There are 2 protein chains.
Amino acid sequence: MYASHLFPSSRDVALPGYGLPSEGSILESLFAARPNETLAAGEVAFWEGDVASHVYRVSEGCLRLYRILPDGRRAIMGFVFEGEIVGISCQGTYRYTAEAVTPARLRRLDRRRLQALAAGAEHLQTFLLGRMFEEMSAAQQHIIVLGQLGAEERVAHFLMSAACRTGADQKRPVVIDLPMTRQDIADYLGLTMETVCRIVSKFKRHGLIALEGRYKVVLRRIGDLRELAGGFDDGEPSVERGMARRAAAWAH
Amino acid sequence: MYASHLFPSSRDVALPGYGLPSEGSILESLFAARPNETLAAGEVAFWEGDVASHVYRVSEGCLRLYRILPDGRRAIMGFVFEGEIVGISCQGTYRYTAEAVTPARLRRLDRRRLQALAAGAEHLQTFLLGRMFEEMSAAQQHIIVLGQLGAEERVAHFLMSAACRTGADQKRPVVIDLPMTRQDIADYLGLTMETVCRIVSKFKRHGLIALEGRYKVVLRRIGDLRELAGGFDDGEPSVERGMARRAAAWAH
DNA sequence: CGTTATTTTGACCCATGTCAATACGGGTGG
DNA sequence: CCACCCGTATTGACATGGGTCAAAATAACG
């Protein structure tokens with residue numbers, strides 16, 4: 001059940017979304033056998049409150065996951081990209097609406113069937129559980145971003161997360177795709193669209209990034225961005241970092 | 001109901017098919033067989049980054065769960081009270097430090113042993129999984145509080161959460177215990193101590209609450225507090241609420 | 001190409017943070 | 001049991017980050 005060691009902790013735990021790459025699992029073959037459904041931009045895969053009957057794998061495109069508060073505010077809980085899975089950590093009903101940012105395609109697995117399969121397959125069970133741990137970890141990371149970081153830090157962190165997710169991490173100029181709107185980013189980071197714009201512009205002005213059209217960003221000085229992001233990342237704390245924190249904790 | 005990360009109570013597992021009372025008591029009896037260890041206020045049960053070797057049940061007192069950022073900021077991820085369990089949703093290493101707010105006592109279960117037991121006990125497995133879902137749900141709730149709510153809303157939500165957890169929810173004047181310091185509350189809500197103070201004072205001035213000493217609050221007008229909290233709670237969305245959200249989503 | 005939604009920028013304001021001074025409460029020792 | 005003391009909480013004055021409202025610029029798409 002808690003066989004964590006079996007799973008290499010993924011490096012991309014801090015990514016803005018809840019879906020994580022799923023390569024290398026039997027899940028892949030299960031999904032591959034399902035039809036590839038199409039979603040136009042703005043269409044909804046499932047609604048918050050719906051019975052969580054399926055687990056989805058995005059084969060193409062990008063989804064936003066959000067909740068609408070009673071007064072109309074929208075909280076984006078995450079984004080899901082190609083190759084990632086959504087709907088695993090739901091119980092009973094979905095906790096957010098999943099809507100296509102771009103035209104998208106996805107395959108769905110029946111939850112009950114998946115559950116039944118997992119019951120007999122130790123490693124599938126462990127894999128799913130590992131996924132939940134990752135989502136939990138990502139949620140905790142997001143809590144820290146929203147609770148502790150200022151606007152610049154949040155945007156920098158968002159860019160870094162996107163970079164990590166895109167794969168290329170340390171390499172110099174990384175180009176990342178941000179198919180979502182500024183408003184989406186704002187709703188995800190707990191800021192306004194205008195603030196996101198200003199900060200992006202500022203980063204550009206200072207040469208940290210460059211824009212290529214509306215939905216592509218070149219990260220030109222990743223080190224500086226990481227520093228701006230608060231200097232913390234999402235991996236398991238290394239020994240030294242663990243110690244550093246312990247020391248910091250002692251200080252007060 | 002109102003959040004619960006704050007107070008992830010182990011009793012109110014109200015989701016259909018998960019966490020039946022008897023399932024909980026298995027875990028209870030496992031814990032009951034363990035020695036009751038003592039922690040002085042300020043002592044640490046485990047550190048962020050430590051190998052997550054045990055699961056703990058607080059038999060008395062209150063713990064704060066936190067992470068320290070590289071620059072010294074402290075993010076409190078939650079509080080744990082008597083009867084509650086901590087450490088279930090960790091993988092490999094603990095993701096936060098657990099420190100006693102008050103003098104506390106707790107019992108620990110070896111994680112590997114629990115794992116082994118769960119492997120043969122379907123309902124124990126289900127129970128543990130249900131707890132993880134709850135923690136996930138609570139984390140998502142916290143994300144919304146931090147990302148979308150203003151300072152007053154956050155404090156109101158915090159008080160409501162505490163009230164729900166204390167049990168009495170609808171009854172008029174509810175007295176709640178807040179053994180943590182204002183700074184703790186601030187670090188939990190992503191505010192400053194001063195802001196928390198001002199808002200508490202304001203609530204008092206307006207007759208929403210009354211203070212009894214430093215660590216007890218009387219909620220005198222729960223309805224108003226709930227409204228201030230943003231009018232949303234943590235339960236499964238009801239049908240109407242689901243529809244309302246859907247409508248709101250359509251609006252744009 | 002033109003049309004329209006999205007983004008960007010600007011001016012202004014407010015909520016919340018910061019810094020600093022008191023006040024309070026509760027634990028301790030006499 | 002009382003009084004003192006120190007850490008915590010509260011309040012105040014001021015600064016500022018980020019929100020709001022509005023206008024202008026830009027890019028995506030037909």
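Bear in mind that the values here come from a model prediction, so they are computed numbers and not experimental data. Letters A, B, ... are given to chains in the order of the sequence lines, protein chains preceding strands, and every chain is numbered from 1.
- Heavy atoms of A:Leu211 sit under 4.0 angstrom from primed sugar atoms or phosphate atoms, though from no base atom.
- One finds a side-chain N or O of A:Thr192 lying less than 4.0 angstrom from the OP1 or OP2 phosphate oxygen of D:dG19.
- Residues satisfying the salt bridge (Lys or Arg N to Asp or Glu O under 4.0 Å) criterion with A:Glu153, sequence neighbours excluded, are B:Arg73.
- One can place OH of B:Tyr215 at 12 Å from P of C:dG25, the figure rounded to the nearest angstrom.
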side-chain contact (heavy atoms from CB on, under 4.5 Å) between A:Val175 and A:Leu219, worked out:
CA-CA 6 Å; A:Val175 182; A:Leu219 307 189; over 6 Å; no

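- A straight line from CZ of A:Arg154 to C1' of D:dG17 spans 11 Å, rounded to a whole angstrom.
- Straight-line distance from the CG atom of B:Leu191 to the P atom of C:dT18: 11 Å, rounded to whole Å.
- In this structure, A:Gly213 and A:Gly190 both approach DNA chain D, and ranking their closest nucleotides by distance from the 5' end singles out A:Gly190.
- A:Ile199 places its CD1 atom 8 Å from the P atom of D:dG19, with the value rounded to the nearest Å.
- A:Arg182 comes within contact range of the sugar-phosphate backbone alone, with a heavy-atom separation under 4.0 Å but no base atom that close.
- Ring to ring, B:Tyr66 and B:Tyr96 are not that close: their centroids are 6.0 angstrom or more apart.
- If you check the side chains of B:Glu135 and B:Ser89, you find a donor sitting under 3.5 Å from an acceptor.
- Formation of a donor-acceptor pair under 3.5 Å by the B:Asp187 side chain with backbone atoms of B:Asp184 is not found in this model.
- Remark: C1' of C:dT16 and CD of B:Glu152 are 12 Å apart, rounded to the nearest angstrom.
- Computed from coordinates, the B:Lys204 NZ to D:dT10 C1' distance equals 9 Å when rounded to whole Å.
- Here the P atom of nucleotide C:dT6 and the CD atom of A:Gln183 are 10 Å apart, to the nearest Å.
- Taking for each of A:Thr195 and B:Arg214 the nucleotide of DNA chain C with the nearest heavy atom, the 5'-most of the two is the partner of A:Thr195.
- To the nearest angstrom, P of C:dA5 lies 14 Å from CE of A:Met193.
- Of the residues near DNA chain D, A:Arg198 and B:Val200, the one whose nearest nucleotide (by heavy atom distance) lies more toward the 5' end is B:Val200.
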